[in-house]
**Student:** 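The structure that follows is given in the form of structure tokens.
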Protein chains: 2
Amino acid sequence: MARLSLNMDEYLPLRDVVFHALRRAILTGEFVPGERLMEIHLAQQLGVSRTPVREAIHKLELEGLVTMMPRRGATVAQISERGLKDVLEVRRALDTFCAGLACERMTDEDKQNLRKAFTAFEEAIYTKDTAIIAQADVDFHDIIINSTGNERLISTINNLAEQMYRYRFEYIKDASQHERLISEHRMLMDAILADNAEKAMKAARIHIDNQEESILTQIHLDEHR
Amino acid sequence: MARLSLNMDEYLPLRDVVFHALRRAILTGEFVPGERLMEIHLAQQLGVSRTPVREAIHKLELEGLVTMMPRRGATVAQISERGLKDVLEVRRALDTFCAGLACERMTDEDKQNLRKAFTAFEEAIYTKDTAIIAQADVDFHDIIINSTGNERLISTINNLAEQMYRYRFEYIKDASQHERLISEHRMLMDAILADNAEKAMKAARIHIDNQEESILTQIHLDEHR
DNA sequence: AGTGTGAATATTGTATACAAAACACAGAAC
DNA sequence: GTTCTGTGTTTTGTATACAATATTCACACT
């Protein structure tokens, strides 16, 4: 009579499975901005009914990844240059705040992890693999954000960051930026390790400023093609 | 054969009607934190089917007003003291940022409206009517927030503010705070009208700090009853 | 009395059905 | 040729049906 607790921890409602599938497709660019998302079509493609698809799409709308018009269905959200600037403006405020908080609140263990994540990022850069670099970048920043211990702050920043993932891929590809990324990370890390809030906030601001510049030039380049 | 155009301008999907109804019920305290929200029950009560109710509940979950557990349904979100502090910490960062931006971006028309809203708030205070005061307070702050012109910032702040509405009612009732509220508003307004970002940010911070203190003591009082 | 078991019930998750609105396109009118 | 109109199709919105899981409560067992 063994067999207690087979891993039913991992129950996932279909709507969440669909949600993650669609979300991934949007963030990786598989679904391009402006593309229509039709319930029946997606349902058949995924082998489920319309219901979970509808619910997943609604969730994506609330996350800002799709746009819905009543009676006209959903499309993959188009982010305008203005929209992107708006997102970055809020991120600038929150990321600098976050960097300051991290200086106050980071534990020794967090600091150890931050060092590791920095090294891992350097190594990721050498691989020249965009996906690996992007992941290492997220990991590095997650350590800082999570060290604040403020769940609301964490989810707010992550939601804002998500809006830019599609464009981040583009600019991470650009190898000419890689050295700069490393040095910016180093500056941010050093400030935090030294609990120097002033410097950390400045480093965070510079990091966002440069990201904004990169992404915007990227977009402008795309426009002229 | 008259009777063309009865006001169907206002087409609203049922899910949105239900959403607003439930949202209002939660924010006014008609539904208390922890209360279960059962689909069939609500559907019958509102005279609709489960579908729009489900969709409304999901939307409320994403807004953070409802907590869902898979297969166990939804309950009105309980906000912990910790959760409240977290929300306020983020608001402090964004409201101060917002106040600074307002100084740069407010048009003369906005400034005129801000003065009007300030006077309206003063008058609202004299009525001693909680609902009116709360509305005038929202109006005043909305002018500042909207003057930034940053849609993302606006919706982020509004979402955070919403989390506290239920508690705000409690502390707005406290007449001993009224004079202080007016003077804080005046300080914030004067700084913005003078385009003094430094002072405006400080005023915004003080305003949030005092709100935090009020709400937290309110909660502690409730606990001891 | 307390605990465990199981059937009855209630509730959520998913699928499907039907209604109403949007869309597309062909043909008529000018 | 262009615009209007009407019909057929597609798609979304809402209701309902069915399946699977959770909850409740009575009852037996210790």
Side-chain angles (χ1 to χ4, degrees), chain A residues 1-23 25-26 31-32 34-63 65-78, chain B residues 3-23 25-26 31-32 34-63 65-78:
Chain A
M1 305 319 251
R3 211 210 79 191
L4 43 150
S5 117
L6 66 170
N7 74 328
M8 57 188 313
D9 313 338
E10 276 292 16
Y11 168 75
L12 264 195
L14 266 188
R15 58 164 179 267
D16 289 334
V17 177
V18 175
F19 170 75
H20 287 299
L22 295 181
R23 182 171 177 275
I26 293 174
F31 290 162
V32 300
E35 187 168 344
R36 254 188 107 176
L37 296 177
M38 283 177 302
E39 296 170 4
I40 312 172
H41 191 236
L42 293 172
Q44 285 171 346
Q45 203 168 317
L46 294 164
V48 300
S49 82
R50 277 178 62 207
T51 310
V53 174
R54 268 183 83 77
E55 297 185 341
I57 289 178
H58 286 141
K59 215 166 159 182
L60 288 166
E61 190 208 2
L62 274 275
E63 296 236 324
L65 291 179
V66 316
T67 309
M68 296 197 63
M69 302 265 290
R71 283 271 172 209
R72 307 182 134 206
T75 58
V76 177
Q78 296 263 21
Chain B
R3 213 207 79 191
L4 44 149
S5 125
L6 65 171
N7 73 331
M8 60 187 314
D9 312 340
E10 277 289 16
Y11 168 74
L12 264 195
L14 266 189
R15 58 161 180 268
D16 289 334
V17 176
V18 175
F19 170 74
H20 287 298
L22 295 182
R23 181 170 177 277
I26 293 175
F31 290 163
V32 301
E35 187 168 344
R36 256 187 104 176
L37 297 176
M38 283 177 304
E39 296 168 5
I40 312 173
H41 191 237
L42 293 171
Q44 286 171 346
Q45 202 168 316
L46 294 165
V48 299
S49 81
R50 278 177 60 208
T51 311
V53 174
R54 270 183 83 77
E55 297 185 342
I57 289 178
H58 285 142
K59 216 165 157 182
L60 287 166
E61 191 208 2
L62 275 275
E63 296 236 324
L65 291 178
V66 157
T67 310
M68 296 197 63
M69 301 265 291
R71 282 273 173 209
R72 307 179 135 209
T75 57
V76 178
Q78 296 265 19

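Quick caveat: nothing in here was measured; it's all calculated off a predicted structure.
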**Student:** Determine the contact category for A:Ile57: base if any of its heavy atoms lies under 4.0 Å from a base atom, sugar-phosphate if only primed atoms, P, OP1 or OP2 are that close, otherwise nothing.
**Tutor:** nothing
**Student:** For the side chain of B:Arg50, counting heavy atoms from C-beta on, which of D:dT14, D:dA17, C:dT16 is nearest?
**Tutor:** D:dA17
**Student:** Checking A:Glu55 now: which residues fulfil salt bridge (Lys or Arg N to Asp or Glu O under 4.0 Å) with it, not counting sequence neighbours?
**Tutor:** A:Arg15, B:Arg54
**Student:** Round to a whole Å and report the spacing from CG of B:Asp16 to P of D:dT12.
**Tutor:** 16 Å
**Student:** Rounding to a whole Å, what distance do you find between A:Leu12:CG and C:dT14:C1'?
**Tutor:**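 About 15 Å, once rounded to whole Å.
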**Student:** Can you check the B:Met38 CE to C:dA10 C1' distance for me, whole Å?
**Tutor:** 9 Å
**Student:** Round to the nearest Å and state the distance from B:Met69 atom CE to C:dT11 atom P.
**Tutor:**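 Value for this atom pair: 17 Å.
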**Student:** With respect to the side chain of B:Arg71, which nucleotide from C:dT12, C:dA15, D:dT16 is positioned closest?
**Tutor:** C:dT12
**Student:** Side chains of B:Glu39 and B:Ile57: closer than 4.5 Å at any heavy-atom pair?
**Tutor:**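 They are in side-chain contact.
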**Student:** Atom CZ of A:Phe19 and atom P of C:dG13: how far apart are they, to the nearest Å?
**Tutor:** 16 Å
**Student:** Taking C-beta and beyond as the side chain, do A:Leu14 and A:Leu46 meet within less than 4.5 Å on heavy atoms?
**Tutor:**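 No. Closest side-chain heavy atoms not under 4.5 Å.
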**Student:** Just the rounded figure in Å: distance from P of C:dA22 to CZ of A:Arg36.
**Tutor:**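 Distance, rounded to whole Å: 12 Å.
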**Student:** By salt bridge (Lys or Arg N to Asp or Glu O under 4.0 Å), which residues pair with B:Arg23, not counting sequence neighbours?
**Tutor:**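 Expected list: B:Glu162.
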**Student:** Within the 4.5 Å heavy-atom criterion, are A:Val66 and A:Leu22 side-chain neighbours or not?
**Tutor:**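 No - every pair of side-chain heavy atoms lies 4.5 Å or more apart.
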**Student:** Quick one: label B:Arg15 by what it contacts on the DNA or RNA (base, sugar-phosphate, nothing), any heavy atom closer than 4.0 Å.
**Tutor:**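 Contact class for B:Arg15: sugar-phosphate only.
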**Student:** Looking at A:Arg72, I'd like to know whether one of its side-chain N or O atoms comes within less than 4.0 Å of OP1 or OP2 on C:dC23.
**Tutor:**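 So the side chain of A:Arg72 is within the cut-off, an N or O lying under 4.0 Å from OP1 or OP2 of C:dC23.
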**Student:** Rounded to the Å, how far apart are A:Met68 CE and C:dA21 C1'?
**Tutor:**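 Distance, rounded to whole Å: 14 Å.
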**Student:** With the side chain counted from C-beta on, respond yes when A:Val32 and A:Val76 share a heavy-atom pair under 4.5 Å apart, and no when they do not.
**Tutor:**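 Answer no - side chains too far apart.
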**Student:** Please report the distance, rounded to the nearest Å, between CG in A:Leu37 and P in D:dT11.
**Tutor:** 13 Å
**Student:** For residues B:Ile40 and B:Gln44, determine if any side-chain heavy atom of one lies less than 4.5 Å from a side-chain heavy atom of the other.
**Tutor:**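 Yes, side chains in contact.
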**Student:** Which residues within residues 39-49 of chain B lie with some heavy atom under 4.0 Å of an atom in DNA chain D?
**Tutor:**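 Only B:Val48, B:Ser49 qualify.
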